[in-house]
Amino acid sequence: MTGSDAWSGRAPRTVAEAVAVQDELRSLVDLVGPGPTAPATVAGLDVAYAESGDRLAAAVTVLDAATLAVVDEAVSVGRPAFPYVPGLFAFRELPALRDALDRLTVRPDLLVCDGHGLAHPRRFGLACHLGVVTGLPAIGVGKTPLVGEWEEPGLRRGAWTPLRDGGAEVGRVVRTRDGVKPVFVSVGHRISLDNAVDRVLALTPRYRLPETTRTADQLCRAALAATPA
DNA sequence: GCGACAG
DNA sequence: ATCTTGTCGC
């Protein structure tokens, strides 16, 4: 087995174990990038839960970066792998997301994750974790903040302000649509923050959230509904 | 001690 | 995340 599989496949069962895994994998994050400026394909990942909370569906959709048309997709239905704990969110969805990623027929050039990357208390959010275990460039796009302070960005699409935590810029608060609530963009793996923001803007020609996230969201919801308990 | 807290 | 009704606007 490869060195990476040795611990990335480890499933922590306690908060202490999960934090230890993050502290160990954090050093593997590539913060240099700069990542693809013109990726051919971009993948979106999302997970939907049954109201009972004991079942979930993870989906990955791969879009042609130029046309934003879906060129491949995969889903995985299963159980949450960990309880929801802020800061340890990745352990909950990672197994199912990796399973879905393994079912793709094409390897995307970039991952757009539904959650934060470096904008995390230990600088290792879901986007970093997914980037490290797949080796792919990854971006984190959160709908609400987890850490940091920021000023409200301008009202026009494209406006942004730095998201700072502990003195460092851990991400950016980006207005993807005129007058609409901004999203929180942060680096996951193998990409620069500048490029990450550009990539997110390229994926939001019409809605607040990236097309990748939207298509993945629709797919996992449909998969969950089509798979009765 | 109290509040905050990705999805 | 999910539950929720109507409502304002393009």
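In what follows, chains carry the letters A, B, and so on, assigned in the order in which the sequence lines appear, proteins first and then strands, with residues in each chain numbered from 1. These figures come from a predicted structure and were not determined experimentally.
Between the side chain of A:R92 and the backbone N or O of A:F82 there is at least one donor-acceptor pair closer than 3.5 Å. Distance alone, capped at 3.5 Å, places no donor-acceptor pair between the A:D46 side chain and the A:A216 backbone.
Rounded to whole Å, atom P of B:dC5 lies 18 Å from atom CZ of A:R92. Summarising the geometry, the separation between CG on A:L130 and P on B:dA6 is reported as 18 Å, rounded to the nearest angstrom. Rounded to whole Å, the distance from CG on A:L45 to P on C:dA1 is 15 Å. Between the C1' atom of B:dG3 and the CG atom of A:L146 lies a distance of 15 Å, rounded to the nearest Å. In this structure, A:R55 places its CZ atom 22 Å from P of B:dG7, rounding to the nearest Å. For A:L56 and C:dA1, the CG to C1' distance is 10 Å, given to the nearest whole Å. Across the protein-nucleic acid pair, A:R221 atom CZ and C:dC3 atom C1' stand 12 Å apart, rounded to whole Å. Whole-Å rounding puts the A:L126 CG to B:dG7 C1' distance at 9 Å.
A:E93 and A:Y84 share no donor-acceptor pair across their side chains, judged by distance under 3.5 Å alone.
Each of B:dG7, C:dA1, B:dC5 was ranked by its minimum atom distance to the side chain of A:P86; first place goes to B:dC5. Closest approach to the A:A48 side chain among C:dT2, B:dA6, B:dG7 is made by C:dT2 (side chain taken as heavy atoms from C-beta onward).
Aromatic pair A:F91/A:H129: ring centres closer than 6.0 Å.
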| task | Dot-bracket notation for DNA chain B is requested: 5' to 3', Watson-Crick or G-U wobble pairs only, both distances under 3.5 Å, with ( ), [ ], | and . as defined. | result | .......
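The NE2 atom of A:H116 sits 8.0 Å away from atom CG of A:L163, with the distance rounded to the nearest 0.5 Å. In this structure, CG on A:L146 lies 9.0 Å from CG on A:D165, to the nearest 0.5 angstrom. The CZ atom of A:R123 lies 10.0 Å from the OG atom of A:S186; values are rounded to the nearest 0.5 Å.
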| task | Show the numbers, then the answer: is there a side-chain hydrogen bond (donor to acceptor under 3.5 Å, both in side chains) between A:T204 and A:R157? | result | CA-CA 9 Å; A:T204 50; A:R157 160 178 159 80; 3.1 Å; yes
| Run the side-chain contact (heavy atoms from CB on, under 4.5 Å) check on A:V71 and A:L63 step by step: do they pass? | CA-CA 5 Å; A:V71 297; A:L63 280 57; over 6 Å; no
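At a threshold of 4.0 angstrom between heavy atoms, the contacts of A:L88 include nucleobase atoms, whether or not backbone atoms are also involved. Looking at heavy-atom distances under 4.0 Å, A:A50 makes no contact with the nucleic acid at all. Residue contacts shown for A:G87 include a base, since a base heavy atom lies under 4.0 Å away.
A salt bridge links A:R172 to A:D194: at least one charged side-chain nitrogen sits closer than 4.0 Å to a carboxylate oxygen.
In this structure, the side chains of A:R98 and A:S76 stay at 4.5 Å or more apart for every pair of heavy atoms.
Geometrically, A:R214 engages A:Y207 in a cation-pi contact, judged by NZ or CZ lying under 6.0 Å from the ring centre and within 45° of the ring axis.
Ring-base stacking between A:Y84 and C:dA1 is not satisfied when judged by a centre separation under 5.5 Å and a plane angle under 30°.
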Report each atom pair, protein N/O against N/O of nucleotides 4-10 of chain C, whose distance is under 3.5 angstrom.
none

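A heavy atom lying under 4.0 Å from DNA chain B marks the following residues of residues 136-145 of chain A, by number: A:G142, A:K143, A:T144, A:P145.
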